[in-house]
Amino acid sequence: MASAPPGLAQVSAPAEDPSKGMVEDGKDGLVEQDHPIAPDQYDERFETSRWEIWAYYSYYIGNNGLTLFNFAPTAAQNLLAQQAAAIGGPDNTILYFAGADRTINSIVLLSNGISFAIQIVIFLIIGSYADFGTFRPNILIVLSLVAFGIGFGWLGVHDESQWQTGLGLYIIGLIAYQLCLTYWTAAFPGLARNTRIMRDKAREFEAGAITRDEYDHVDSMKRNELSNMAFYIQSLGEIVILAVIVGVMFAVNVNASVANNNWGLSVLIAFASGVWLLLAIPWFILEKRRPGQDPGMNIVIAGFWQLWRALAQIWQLKQSLFYLIGYFLLGDSLNTTVTVIGTLQNEIVAYNTLQLTYLLIVGIAAQALGIWAFWTIQKRWQLPTKTMFNAVAVGIIVLDGWGMIGIWTQRFGFHNAWEVWVYQAFYGLFVCPWYSYSQTVRPPLPPSHPQSTPRSTVSRMLPNQMISEVTPRGKEFLFFSLFSIIGKTSSFIGPLVSSAIIDDTGNNSSPFYFLFALSLVSFLWLLFFVDVKKSRVEQAEFLEREILRVGEKGRGV
């Protein structure tokens, strides 16, 4: 979706529960006894209110991706197709872009890769503000205003002669959307941990009424509750928004002409941006600005230092390193698969705004059902996270295998309208749980300040629940920035490779060769080389070495 620089106040929780001295009456007078300190220390000013939680949900309903993640890429690709036809006839799919003649699908993939590459640079510079200090809410507000502006800007871009402007809005808009999601999600752990129930449990833990495991279980359940509710409410809200959009599209009469359809896409993006703006205001007002960690140095430098420490220490954790490799490959495959299928889907439905809206309604409904089904099955049979993770990987392999068949035949393989309807349902049911699991990670334990805000879910695309399985407890800050950067990196390499494959072969389905092999290899790697039980042993040994190292340093050894 980070590490603790040495010499700073401890940003990772100790491996063992800390204790504090308390004076009690004993047989021989007053005696000092040790009592555990709750891993979360609370300030009543930051207690989470019901209205704040609903404001948090409200922002997510608005930032649902319809604007800059779904319909803006479609609008850009639509203008590319019309410009190609205007200069070379109805069968032409070639345009000159970035120094070479490229197919429309290649240009879209290349633009996607460029967008994620820029995100990496931005994230390296300002990403640490999600962990440190108090400036994160301000960054979210500014990024949101940029996103709103881009969404409304599409009202002026709906002619094929503006295709280059459309690509620029697509690239910048995708950056704004992803960064907004990053800084919104970063508020989640602080929101969950400052609820009344967690405050009460902290007191019970300090009083010795419950164990650390019991405390952690309640913590995990509360985060699961808030995360799943956010995702469900967002899904339901998105369906309502899409239903309203259908009415708006009929009012614009998008089926009357190509020009009307172009205008309809721009109106759709602007309308959804307006809804996002209205639904974001409660969160901007009601969010309690909980302070993050004190970096003890320049925030930007602290972010780079964390990443360096994570790279240096992961070599001591073989299973974590193995998972990092598999995660890179599978994340790359998933992001590129979705983009490639999206370009094919746009061509199949001829960029028809109404059909695309109907398809999204099916996809979002299936998404809600899929998340519920995965969670219910896991609870019912107490299945481990890795099993659920592998099930999602199989779903990705099926998509790539189906697309690969389309290289050899036009009968199926994402060439027909019925296939994109099936794709939306299949994707929602069997692949979207990847995103749901990214929200329910075990976040880092609090550092020097109790209201630390970890960058634990910096991207909707990160399977952080699985990441937490291979991360030493209390060292999550040390490793999450590493996994985050890897996730961003994998998001731009795949599109760039796929774009080059299309340019070389001239076949828009040809990237599925690469994607199927990538998905299969990453699945087999994770299946046979990542062992969660071995990882826990490695984590315990790693933490023991850390305790010894700190002890020797304290004694001046």
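Residues Q77 and Y170 are not in side-chain contact: their nearest non-hydrogen atoms beyond the backbone lie 4.5 Å or more apart. A 4.5 Å side-chain heavy-atom check between V142 and N138 finds every atom pair outside the cut-off.
Contact detail for G65 and Y177: the closest heavy-atom pair is CA-CE1, 3.6 Å. Between F523 and A393, the shortest heavy-atom distance links the atoms CD1-CB, 3.7 Å. Heavy-atom minimum distance, I397 versus S519: CG1-CB, 3.8 Å. Annotation for L143 and Y183: closest pair CD1-CD1, 3.8 Å, computed over non-hydrogen atoms.
Aromatic rings of Y56 and W184 (six-membered ring for Trp) have centroids within the 6.0 Å cut-off, being under it. The ring of Y423 has its center closer than 6.0 angstrom to the ring center of Y427.
Counting only N and O atoms by type, the side chains of Q178 and T182 include no donor and acceptor under 3.5 Å apart. Between the side chains of N508 and T343, no donor-acceptor pair of N or O atoms lies under 3.5 Å.
Classification of the F426-F430 ring pair by plane angle, with boundaries at 30° and 60°, yields tilted. Taking the six-membered ring where the residue is Trp, F529 and W525 present parallel rings, their angle staying beneath 30° rather than reaching 60°.
Not counting sequence neighbours, the partners of E287 by the salt bridge (Lys or Arg N to Asp or Glu O under 4.0 Å) test are R136. Residues satisfying the side-chain contact (heavy atoms from CB on, under 4.5 Å) test with A98, not counting sequence neighbours, are R102, L110. When the side chain to side chain donor-acceptor pair (under 3.5 Å) test is applied to T67, no partner is found at least two apart in sequence or on another chain.
Residue W276 forms a ring pair (Phe, Tyr, Trp, His ring centres under 6.0 Å) with just one option from F284, W283, F148, and that option is F148. None of I341, L399, T336 except one satisfies the side-chain contact (heavy atoms from CB on, under 4.5 Å) rule with F512; the exception is I341. Among the candidates I118, N112, L179, L68, the single residue satisfying the side-chain contact (heavy atoms from CB on, under 4.5 Å) test with L174 is N112.
The CG atom of L191 lies 6.0 Å from the CG atom of L226; values are rounded to the nearest 0.5 Å.
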Give the intermediate values and the outcome of side chain to side chain donor-acceptor pair (under 3.5 Å) for residues Y323 and S535.
CA-CA 10 Å; Y323 177 71; S535 178; over 6 Å; no
